Amino acid sequence: MTERDQQFMQRALDLAGLGMYTTSPNPRVGCVIVNGDTVVGEGYHQKAGGPHAEVHALQMAGTKTIGSTVYVTLEPCAHSGRTPPCVNALLQARPARVVIAMIDPNPSTTGQGVDQLRAAGIEVEVGVLERQARELNIGFISRMTRDRPWVRLKVAASLDGRTALADGESQWITGEAARQDGHRWRARACAILTGLGTIKHDNPQLTAREVMTDRQPLRVVVDSRLQIPLDARVLGPGCLVAAAGVDVHRTVAIRALGAEVMVMPAQNGQVDVLAILQELARRGCNEVHVEAGYRLNGSLLAAGVVDELLIYFAPCVLGDTAHGMFQLPPLMELSARQQFKIEDVQKIGEDLRILARI
């Protein structure tokens, strides 16, 4: 891996990032074609069902692709979906070399693109800036390899770890800059998950409003007994209410508002959260963004399905009577605690944002 390879792959990753809010359920992919020292083609996957990154770049490069080096952030697909296989287009374009950041985790195609390129006599190198490429598509990788989305749990809290007053009031603990930043994380997700308590106390819309995007995430409400108020702002097209049992009257009323009701497997009368995530994966959800109260937060953490914490700490304290971040059973010993690794710390406005992973 040369410095030149890293430079052009970084450009391809930057291009892939332009599809951050639009490519779902497909991965975010960028492509750069270089002939000599000149970039002759660039492209990125813009929208599911549209041309892939390689196709955009090849169209720009034209015949200058012959003998070139192609940099692509994900192994060119070798299977037909809504578009033809990208590896076929590359074979016809006759580059001398293809540099790939990471192998496609999709089991239906993984490794096949590389094999076909090498069989045609094209030099292939894999693994250039792989870590950055995996980070860009962490949700897609999760869905392909674990059959469930990547779960990011967002919390807005005081410095003493409190998320709401004793009566449930929580708007607003953090400042405007943190809320705007939170909307960008919403926009990149495929679904936003919350619980009935949050709907009752905050009545949120759960839409991404601070980002220029024509795609809104699916809004998912965990409501075991279908008690959601019918005037809740979240209800409407693009909303899924996950219940633990059948209530025909309530189901008809909720569906009349344009929302979907789905009865899910239950445990002790509560919706099985892993079953919800598996259903969301079946629907093509790569990343799930959780904005819920301490009860559902605790249930998700206890079930072992939380991959990442996104915590905004506001410079204030609320005291012991306020709600915490997670409702969890008491620990008998410190060694049983949930352990996270802090990946990133940033100041957002007057608040502190911490990104931590299991």
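Just so it is clear, the structure is predicted and the values come from calculations on it, not from any experiment.
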task = Count the heavy atoms belonging to other residues, nucleotides or ligands that lie under 6.0 Å from CD1 of I342, then report whether that count exceeds 12.
result = no
message = If you count heavy atoms of other groups shown closer than 6.0 angstrom to CG of D344, is the number above 12?
response = yes
request  = Please confirm whether the backbone N or O of A232 pairs with a side-chain atom of N203, one donor and one acceptor, at under 3.5 Å?
outcome  = no
ask   = Is the side chain of R219 donor-acceptor paired with the backbone N or O of P237 at a distance under 3.5 Å, no angle test?
value = yes
ask   = Is E350 atom CD crowded by more than 12 heavy atoms from other residues, nucleotides or ligands, each under 6.0 Å away?
value = no
request  = Measure the shortest side-chain to side-chain distance between L153 and F326 over non-hydrogen atoms and say whether it is less than 4.5 angstrom.
outcome  = yes
query = Is there a donor-acceptor contact under 3.5 Å from the side chain of N137 to the main chain of I141?
reply = no
key: Side chains of L280 and L218 in contact at under 4.5 Å (non-hydrogen atoms)   = yes
inquiry  = In the structure I gave you, are the side-chain heavy atoms of M9 and Q6 within less than 4.5 Å of one another anywhere?
reply    = no
key: side chain to side chain donor-acceptor pair (under 3.5 Å) evaluation trace for Q180 with E176   = CA-CA 6 Å; Q180 290 176 344; E176 183 177 352; 3.3 Å; yes
ask   = Any donor-acceptor pair under 3.5 Å linking the side chain of T109 with the backbone of A78?
value = yes
query = Backbone N or O of A314 within a donor-acceptor pair of the T174 side chain at under 3.5 Å?
reply = no
query = Taking C-beta and beyond as the side chain, do L328 and Q338 meet within less than 4.5 Å on heavy atoms?
reply = no
task = List the steps and the verdict of side chain to side chain donor-acceptor pair (under 3.5 Å) for Q92 and N88.
result = CA-CA 6 Å; Q92 293 172 7; N88 291 356; over 6 Å; no
ask   = Rounded to the nearest 0.5 Å, how far apart are CD1 of I311 and CZ of R353?
value = 12.0 Å
query = Taking the side chain from T198 and the backbone from G293, do they hold a donor-acceptor pair closer than 3.5 Å?
reply = yes
task = Would you check if the side chain of D223 reaches a backbone N or O of L226 as a donor-acceptor pair within less than 3.5 Å?
result = yes
task = Please tell me if the side chains of Y71 and R11 come closer than 4.5 Å, counting only heavy atoms from C-beta onward.
result = no
query = Is there a donor-acceptor contact under 3.5 Å from the side chain of D351 to the main chain of A178?
reply = no
ask   = Are side-chain heavy atoms of T65 and R94 found at a separation under 4.5 Å?
value = no
ask   = Is R215 close to T22 at the side-chain level, that is, under 4.5 Å between some pair of heavy atoms?
value = no
query = Is any side-chain heavy atom of Q46 closer than 4.5 Å to a side-chain heavy atom of H56?
reply = yes
task = Look up atom CD1 in I138 and atom CZ in R357, then write down how far apart they are to the nearest 0.5 Å.
result = 4.0 Å
task = Check whether any side-chain N or O of R143 sits under 3.5 Å from a backbone N or O of P25 as a donor-acceptor pair, and report yes or no.
result = yes
query = Within the side chain of E287, is there an N or O that forms a donor-acceptor pair under 3.5 Å with the backbone of P149?
reply = no
